[in-house]
Amino acid sequence: MPTTYQSWGNFPKVSQRTHPIRWRKKPLPLPDTPDTVLAHGLGRSYGDVCLNDGGILLTTRSLNRFIDFDIDKGILCCEAGVSLAEILDLCVPHGWFLPTTPGTKFVTIGGAIANDVHGKNHHRAGTFGRHVLQFELLRSDGERLLCSTTSHEEYYAATIGGLGLTGLITWAEIQLKPIYHRAIQAEFIQFNDLEEFFEISAQSDQEYEYTVAWVDCSSQGAALGRGIFFRGNHVTKDEIPKKWSVPSRTFTMPFNFPRFVLNRWSVSAFNWVYYHKQRQKSVSKLVDIDPFFYPLDGILGLLRRYGA
Ligand SMILES: Cc1cc2nc3c(=O)[nH]c(=O)nc-3n(C[C@H](O)[C@H](O)[C@H](O)COP(=O)(O)OP(=O)(O)OC[C@H]3O[C@@H](n4cnc5c(N)ncnc54)[C@H](O)[C@@H]3O)c2cc1C
């Protein structure tokens, strides 16, 4: 049956069949026809790398089992369809965090490896692949390769960032990062132009693990390049807050916006409000990991907002 699996960008529209992978130890379900197969995680890729027009998608979300968690060393082994959200739910209460994370936690570990994703600590931690200790690669000829820096190194290197083209990752083992608490000591700084941005950025890279900026691309003239710089560090042992409640965010886009809603004027108006909603030049506060790392995940059905 053709299905309507889409990428995050909702483009291009393609037609493909799906085959769920439920058991990591079973052989790959390869067709007798010349049709191609491609692994699919949670479809959060912007482009078409998670689509296989006219072919077969091997959907991996049923590969969702944890295999081993060394709580002392922070080494986690899980199946490739486990999402980063599920890893956080398991590991954060034990004082472990992802070594690096993209701006959404609704991606699978297989997708994170195949796109070699990066996060706000790219200047310190590099990409996700740097923290992958080993994984199993199931090739289309049925061979299973244990890949690491010392075993099938060429497949290890080619699969990290390999967009699923070297085979199916069935499970992976990653090194987590120790934290004291789920709070982030964060600072939000308005900058007036790109020159100021570069100054703040250079200084922040030294002192902050996480940095990211929003730039108002619709601003012009003297306001050209203005924006808000976000930076933060995990709290230290001494900064652990006495009370903390995990924010619940379930705002849902109630309907599909028509495409014309997203235009030059509406974007400019939104950007103006976003830039000016912060009244002081700089604001410091403790923020939970969820809104700090995943602000867009708080808006369910975000695609609708973009009229996609
Ligand atoms: C709101 C939002 C914010 C984002 N922020 C960032 C960011 O800050 N940094 C960043 O780097 N990316 C970011 N991304 C992109 C996202 O992190 C990546 O596209 C990620 O790879 C998606 O993972 P997925 O599980 O959805 O994989 P899919 O999109 O389903 O697939 C991605 C690729 O992985 C392959 N793949 C999936 N599973 C396997 C497997 N088991 N074995 C082999 N190959 C496999 C697929 O074939 C495909 O080529 C963001 C995306 C969104 C929607």
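Both ligands and their constituent atoms are indexed starting at 1 by order of listing.
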Does Arg44 make a cation-pi contact with Phe106, if we ask for NZ or CZ under 6.0 Å from the ring centre and within 45° of the axis?
no
Please tell me whether Trp96 and Tyr180 are part of a single hydrophobic cluster in this structure, the criterion being side-chain heavy atoms less than 4.5 Å apart.
no
For ligand 1 and Ala39, I'd like to know whether there is a polar contact (N/O to N/O, distance under 3.5 Å).
yes
Pull out every atom of ligand 1 sitting under 4.0 Å from any heavy atom of Leu38, numbered as shown with elements.
47 (O)
Determine which pairs satisfy ring-ring contact (aromatic ring centres under 6.0 Å, His included) with at least one residue from residues 219-243, sequence neighbours left out, and list them in order.
Phe97-His234, Phe188-Phe230, Phe197-Phe229, Tyr210-His234
The test is salt bridge (Lys or Arg N to Asp or Glu O under 4.0 Å); show your working for Lys281 and Glu196 and say whether it passes.
CA-CA 12 Å; Lys281 172 87 179 162; Glu196 199 183 348; 2.5 Å; yes
I want to confirm something. Looking only at heavy atoms, which of Glu136, His118, Arg61 is nearest to atom 9 (N) of ligand 1?
His118
With a 4.0 Å cut-off on heavy atoms, does Gly119 reach ligand 1?
no
Are more than 12 heavy atoms, taken from residues, nucleotides or ligands other than Gln220, located less than 6.0 Å from that residue's CD atom?
no
Backbone or side chain, does any N or O of Pro102 fall under 3.5 Å from an N or O of ligand 1?
no
Please could you name the atoms of ligand 1 that Leu296 approaches to less than 4.0 Å, counting only its heavy atoms?
1 (C)
Evaluate Phe106 for polar contact with ligand 1, using N/O atom pairs at a separation under 3.5 Å.
no
Tell me whether Asn115 has any N or O atom under 3.5 angstrom from an N or O of ligand 1.
yes
Among Gly161, Ala114, Ser83, closest by heavy atom to atom 35 (C) of ligand 1 is Ala114
Could you tell me, atom by atom, which parts of ligand 1 come under 4.0 Å of a heavy atom of Ser45?
19 (O), 28 (P), 29 (O), 31 (O), 32 (C)
Within-4.5 Å side-chain heavy-atom neighbours: Ile109 and Ile87:
yes
With a cutoff of 4.0 Å, is Gly167 in contact with ligand 1, counting heavy atoms of the residue only?
yes
Could you tell me whether Val107 approaches ligand 1 through its side chain, its backbone, both or neither, with non-hydrogen atoms closer than 4.0 Å?
both
Would Gly43 count as being in polar contact with ligand 1, using the rule that some N or O on each side must be under 3.5 angstrom apart?
yes
Taking only non-hydrogen atoms of Trp8 and a 4.0 Å limit, the atoms of ligand 1 in range are 53 (C)
Determine whether any heavy atom of Tyr294 lies closer than 4.0 Å to an atom of ligand 1.
no
With no hydrogens and no angle check, is any side-chain donor or acceptor of Gln16 less than 3.5 Å from a backbone partner on Leu51?
no
For residues 17-41, the ring-ring contact (aromatic ring centres under 6.0 Å, His included) pairs (sequence neighbours left out) are Tyr5-His40
Can you list the ligand 1 atoms lying under 4.0 Å from a non-hydrogen atom of Cys50?
28 (P), 29 (O), 30 (O), 31 (O), 48 (C)
Looking at Arg22, I'd like to know if its CZ atom is crowded, meaning that more than 12 non-hydrogen atoms belonging to other residues, nucleotides or ligands lie closer than 6.0 Å.
no
Locate the shortest heavy-atom distance separating Pro102 from Tyr294; write the atom from each residue and the value.
O-CE2, 3.3 Å
Rounded distance (nearest 0.5 Å) linking atom CD of Glu153 with atom SG of Cys147
9.5 Å
Looking only at distance, does Val117 have an N or O less than 3.5 Å from an N or O of ligand 1?
no
Out of all atoms in ligand 1, which are within 4.0 Å of some heavy atom of Leu163? Include the element for each.
47 (O), 49 (O)
Taking the side chain as every heavy atom from C-beta outward, state whether Ile75 and Phe69 have any atom pair closer than 4.5 Å.
no
Does only the side chain of Thr108 get under 4.0 Å from ligand 1, or the backbone, or both, or neither? Count heavy atoms.
both
Between Arg61 and Gly81 (side chain of the first, backbone of the second, donor and acceptor by atom type, cut-off under 3.5 Å), is there such a pair?
yes
Which of the atoms of ligand 1 are close to Ala80, meaning less than 4.0 Å from one of its heavy atoms?
41 (N)
Tyr46 N/O under 3.5 Å from ligand 1 N/O
yes
